[in-house]
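Beneath this line is the structure, given in structure tokens, with notes to follow.
The figures that follow rest on heavy atoms only: side chains count, while hydrogens, waters and symmetry mates do not.
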Amino acid sequence: MKKYAIINLLLTALLITPFHSAVVAKNRHGEIVVTDHIKAKEWRSGDVSDAIQRVIDNNPNRTIYFPDGEYPISKPILTPAEPTKSVSLKLSAYATIRATAGWAHEEAMIRLGGKCPANNIMTPGSNYYFEGGIIDCMGVAKAISIDSGRETAIREVSIKNTLLGIHIKKGANNGSSDADICDVNIVGCTAVNSVGVLVEGYDNTFTNMRIGGVHTGFIIKTSANCLRNIHPLYLYDNKNPHHNKSCGFVDEEGNNFYDFCYSDEFATAFLIKRSKFSTYTNCFAYWYSKRSNKHTVFKSEGRFNSLVVNMNAGFSKRNATKENKVLECTKSGGKGKFVNLHIRDSRFVTDHSHEAYSSDKN
């Protein structure tokens, strides 16, 4: 009897162990797998937005995982900002959330903190995230917004065919949103109103981003933002009549920090509004074609007051156009300074106003 009992125990162990391992693999160590909660009729309908929203609403403080595959949605998906109700959305590398035909919403496809607004970093659950995968805006939708909350993260996401890649709205903490965005690639839909990133909240960090196919790379309406290794690239047709109004970075409020930010082919690389002060270190502006009649590295609407250190400007015989300017100001004066400015070939610079602000003359 003891012999048979031992055999039964071994058989039971062999039967249970693979089953248990399969369950663990399927649930990804406790994550909620979204495909387990989408009904067959919802897949057949070609719209799983209600199903995804249901999973979010029914699973507070859980990580919701999207396996590889396509997830068509016809309306924005909202996550809670309230820490006790928040969720993190984690997409496999080839999981694609796609806007359906007929998308007619002004808001983004994914609205982080779009419901249950909160200003709370003391309660566990405040630092939720969106990670991985692909968001395909199909040329008609905006991709991701951060609507409320603090400490929200967006990382390792590929955004395609978008009107607006990432929109950080005014933050919950007196305007501060404290968001962290890293390793994100954005490709716009090449529309004249397309923007890579729009920042309306304060105190955010942006790291390692590539942005192409947009008319404006970054628009920053606030202060205390830090940008590192950000590369907007203009991808329109060479004969686009709107190129002369394109811009890599727009800074409206000042007191922002740029490190190795690279404007590629935009008519104006860096636009500074209202004589504001920001710091630009190890930045780069480059043109390799003659898309319009003027290429400008820095344009200041007002006096020039910013600090620019180790700037590299890519003028050369091949890419020089009718006007090639390092600096253009609408008002004279200002306390700005260029330190260690490198111009690829100064012979093609058609205006030397920047020399009044060079470190060896101030």
Side-chain angles (χ1 to χ4, degrees), residues 27-39 42 47-67 71-92 95 97-99 103 105-133 135 137 141-157 159 164-182 184 197-205:
N27 291 333
R28 289 185 53 87
H29 307 289
E31 295 172 347
I32 301 296
V33 181
V34 74
T35 49
D36 293 345
H37 302 272
I38 300 177
K39 300 172 184 177
E42 291 172 315
D47 179 9
V48 296
S49 47
D50 287 337
I52 294 172
Q53 191 64 60
R54 184 175 65 244
V55 176
I56 291 170
D57 295 343
N58 292 341
N59 292 279
N61 289 167
R62 299 296 296 271
T63 299
I64 299 172
Y65 177 74
F66 293 68
Y71 302 85
I73 64 172
S74 65
K75 65 184 72 172
I77 302 299
L78 283 64
T79 69
E82 167 55 47
T84 61
K85 299 178 181 179
S86 69
V87 299
S88 288
L89 304 182
K90 187 173 184 178
L91 278 63
S92 183
I97 298 177
R98 175 180 58 80
W103 180 275
H105 302 276
E106 284 297 316
E107 297 289 354
M109 293 172 62
I110 307 296
R111 296 177 58 194
L112 303 176
K115 60 189 305 185
C116 306
N119 176 22
N120 181 352
I121 61 172
M122 303 304 294
T123 304
S126 64
N127 55 333
Y128 56 90
Y129 62 83
F130 185 103
E131 178 180 290
I135 298 179
C137 299
K142 301 169 185 175
I144 307 178
S145 64
I146 297 177
D147 291 18
S148 180
R150 296 166 63 191
E151 300 183 335
T152 309
I154 301 171
R155 54 185 182 245
E156 299 176 16
V157 184
I159 296 171
L164 173 57
I166 295 176
H167 182 188
I168 300 181
K169 298 183 181 180
K170 185 177 179 180
N173 184 35
N174 295 320
S176 178
S177 42
D178 301 304
D180 295 294
I181 317 298
C182 66
V184 174
V197 180
L198 172 61
V199 185
E200 295 179 310
Y202 293 79
D203 307 318
N204 307 288
T205 64

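- For Ser177 (side chain) and Lys170 (main-chain N/O), no donor-acceptor pair under 3.5 Å exists by modelled atom type.
- The line from OH of Tyr71 to CD1 of Ile38 is 6.0 Å long, rounded to the nearest 0.5 Å.
- The two residues Pro83 and Ser86 make their nearest non-hydrogen contact at O-OG, 3.3 Å.
- Side-chain atoms of Asp203 never come within 3.5 Å of backbone atoms of Asp178 as a donor-acceptor pair (strictly under, hydrogens ignored).
- Contact annotation: the side chain of Gln53 approaches that of Lys115 to within less than 4.5 Å [non-hydrogen atoms, C-beta and beyond].
- Closest of all the heavy-atom pairs between Ser148 and Ala118 is OG-N, 3.2 Å.
- At least one side-chain heavy atom of Ile146 sits under 4.5 Å from a side-chain heavy atom of Ile181.
- Taking both residues in full, the closest heavy atoms of Ala95 and Pro67 are given as CB-O, 3.3 Å, listed atom of the first, atom of the second, then distance.
- Salt bridge annotation for Lys142-Glu106: present, with a cationic side-chain nitrogen under 4.0 angstrom from a carboxylate oxygen.
- Here the CG-NZ distance, from Asn59 to Lys85, works out to 14.5 Å after rounding to the nearest 0.5 Å.
- Atom CG of residue Asn174 and atom CG of residue Asn119 lie 7.5 Å apart, to the nearest 0.5 angstrom.
- In this structure, the side chains of Thr63 and Tyr129 come closer than 4.5 Å at one or more pairs of heavy atoms.
- The side chain to side chain contact (heavy atoms under 4.5 Å, CB included) test with Leu112 singles out one residue from Ile154, Ile168, Asp147, Ile166, and that residue is Ile154.
- Scanning both residues, His37 and Arg54, for their nearest heavy atoms gives O-NH2, 2.9 Å.
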Original post:
Can Asn120 and Ser126 be said to form a side-chain hydrogen bond (donor to acceptor under 3.5 Å, both in side chains), step by step?
Top reply: CA-CA 7 Å; Asn120 181 352; Ser126 64; over 6 Å; no
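- Here the straight-line distance linking atom CZ of Arg62 with atom CD1 of Ile32 works out to 3.5 Å at 0.5 Å rounding.
- The two residues Ala141 and Trp103 come nearest to each other via the heavy atoms CB-NE1, 3.6 Å.
- Among Thr152, Asn204, Asn127, Thr205, the single residue meeting the side chain to side chain donor-acceptor pair (under 3.5 Å) criterion with Asp180 is Thr205.
- Rounding to the nearest 0.5 Å gives a distance of 8.5 Å between CD of Glu131 and OG of Ser88.
- Between Tyr128 atom OH and Glu151 atom CD the span is 10.5 Å, to the nearest 0.5 Å.
- Taking a cutoff of 4.0 Å between a charged side-chain nitrogen and a carboxylate oxygen, Asp50 and Lys75 qualify as a salt bridge.
- Of the listed residues (Leu89, Ile110, Ile77, Ile64), just one forms a side chain to side chain contact (heavy atoms under 4.5 Å, CB included) with Ile52, and that residue is Ile77.
- Minimum heavy-atom separation, Asn61 to Val87: N-CG1, 4.2 Å.
- A side-chain donor-acceptor contact under 3.5 Å links His167 and Glu200.
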